[in-house]
Amino acid sequence: MEPRLEWQRGVITAIRPETPRAKTLTIRVPDWMRHRAGQHYDVRLTAEDGYQAQRSYSVASPPERTGLIELTVERLEDGEVSPYLCDVAMPGDELEVRGPIGGYFVWEARTTRPLLLVGGGSGVVPLMAMIRHRSAAGSHVPARLLYSARAPEEIIYRPELDRLGMTDPAIQVVYTFTRMTPPGWPGYARRIDAQMLREVSAPLGQGALAYVCGPTLLVEAVADALVGLGWPPVSVLTERFGPTGSTS
Amino acid sequence: MDANTQPTEGDMTASLMMDGNAVAGLLMEIFGRDMTIAESECDGCGADHMMGELRAYVHAPGVVLRCPDCGQVALRIVASGSFYWLDARGAAYLRLARQ
C-alpha cells in the first residue's frame, strides 16, 4: 500500500530568484518521502476567511536531496497562488504541502535508454529534476535538453545548465529563443519544429525516451512532430499545463 | 502563441487544457493511490490511455477529463460539501494494479 497522501506543514528555508518571473522555494518537509524525478507537490493556501486555493508544482530538486524539496514557481499575473509564493512568502514561513504525486511523468536513473528532454518555459522544472537526478545518481546515459524560452533572461537554471553542458560530455543543452535573440546568437531562434527535433535528437539514436513538458500547444506540437519523425508514441511522455494552469 | 497572430477560439480552449497529471492530487484523494498510471478505456472510441494522458479541464467548478483521441468526456469530478461526485460513464473501465 502506498502511504496515504496527507497535507503537512512545510517550512520555507530559502527563496532564490531564477529569472525576473520565477523563483525557487526550498521547503523543509517534516514527513519527507523520497520522490521520483518528475513528480510534483500540491501547495495549498488558506485565506483568513477560510477560502482555499491549491496548485500543483513540479519538484526541481533530485530525490538525493533528502528532507526537503525545491519548487520553482513562475509568477502568473492572474494567478491565485503563484503571486503569493513569488511576492509575499518569506523564509521561515510555513506552507501546506502534500506529495509526492504522480507516477506517469517520471524518470529513474537506472533507466539506460538515451534521454531527450524538451521543455518550454517553466516546463523545464521537472526536466531539471531528471537532469539533477541523473547527475546525483552517477548515470551516464546520453541526454539532450532542448529548451524553448521567449528570451535569454527567461532561461531558468541557466548557470547550472551552462556548466553542465561544459562539464558532462554525455549531456548537451540546446536553447531556442522565440521572441528575443541576443546579438550574434548562432543558435536556434524559432519555435520548436520537426527539423529542430531531428537535429537535436539524431545523436541519441534509436531507442531513446522523450519527456516533453510545457504549455499545452508546445507539448502537442512537439509530441506530434516526434511521432511524425518515427518515435513510438509510448516513448514520448508528456506533461501539459495551461497559462493559468495548476502545474507551475 | 506568436504576438502577431490572433489566437483562435480553438487555440484558447487548447491553451487552457492540461492533462491528468495536473489533477493527480485530487485523484489520489479520492482513490487513495496514484491514478496517473491507471489505464482507462474510452467508452466512445475504445482507446486505452493512462489517466495522466487524459486531457484535463480544470477551469470550471469541477474537473473534466477527456479522451485525447476522440475528445469524449471520460470522467467528471466535483467536490461539494462533504462529498465527491464522480461521473465516470464515459470510461468503459479503469484498470488499476492490485496492491
Side-chain angles (χ1 to χ4, degrees), chain A residues 1-7 36 38-44 52 54-58 78 80 97-106 120 123 126 150 178-180 190-191 211-221 223-224 233-234 236-248, chain B residues 1-5 7-40 47-66 68-69 71 77 79 81 95-99:
Chain A
M1 252 335 246
E2 293 177 52
R4 202 168 148 62
L5 190 63
E6 303 285 357
W7 289 101
R36 302 166 73 192
Q39 284 191 303
H40 29 102
Y41 267 68
D42 288 344
V43 175
R44 179 166 75 181
Q52 291 186 325
Q54 77 181 54
R55 291 292 182 272
S56 180
Y57 293 100
S58 296
D78 53 354
E80 281 191 308
V97 298
R98 67 174 180 188
I101 300 169
Y104 172 67
F105 195 78
V106 295
R150 292 188 294 193
T178 57
R179 297 260 177 98
M180 215 210 300
R190 62 180 195 270
R191 287 202 267 174
Y211 288 84
V212 186
C213 184
T216 291
L217 297 176
L218 174 144
V219 171
E220 295 286 309
D224 288 350
V234 293
V236 180
L237 293 161
T238 56
E239 183 159 285
R240 301 163 174 79
F241 54 82
T244 59
S246 71
T247 303
S248 302
Chain B
M1 222 79 64
D2 283 336
N4 56 358
T5 50
T8 66
E9 196 182 327
D11 286 342
M12 294 295 283
T13 308
S15 70
L16 288 174
M17 180 183 82
M18 296 189 284
D19 61 32
N21 300 304
V23 294
L26 174 69
L27 294 172
M28 201 158 174
E29 247 174 56
I30 297 173
F31 292 92
R33 53 151 78 195
D34 174 43
M35 291 297 287
T36 57
I37 51 169
E39 193 177 271
S40 76
D48 296 332
H49 286 283
M50 304 272 205
M51 291 189 72
E53 295 176 301
L54 299 181
R55 304 299 183 252
Y57 298 82
V58 302
H59 299 266
V63 168
V64 175
L65 293 171
R66 289 178 180 271
D69 287 0
I77 303 166
R95 194 181 68 162
L96 296 78
R98 292 175 71 176
Q99 47 183 213

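Chain identifiers are assigned alphabetically (A, B, ...) following the order of the sequence lines, protein sequences preceding nucleic acid strands; residue numbering begins at 1 within each chain. None of these values were measured; they are calculated from a predicted model.
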Quick one: which of B:G25, B:P68, B:G20 has the most heavy-atom pairs under 4.5 Å with chain A, could you say? B:G25
Are side-chain heavy atoms of B:D48 and B:S40 found at a separation under 4.5 Å? no
Test side-chain contact (heavy atoms from CB on, under 4.5 Å) applied to A:Y104 and B:M51, B:M35, B:M50, the passing residue: B:M50
Are the side chains of B:I37 and B:L96 in contact, using a 4.5 Å heavy-atom criterion? no
I'd like to know which of A:D42, A:L237, A:I101 tops the heavy-atom pair count under 4.5 Å against chain B. A:I101
Give, as side chain, backbone, both or neither, the part of A:E220 having an atom under 4.5 angstrom from any heavy atom of chain B. side chain
For the residue pair A:H40 and A:S58, confirm or rule out a side-chain donor-acceptor distance under 3.5 Å. no
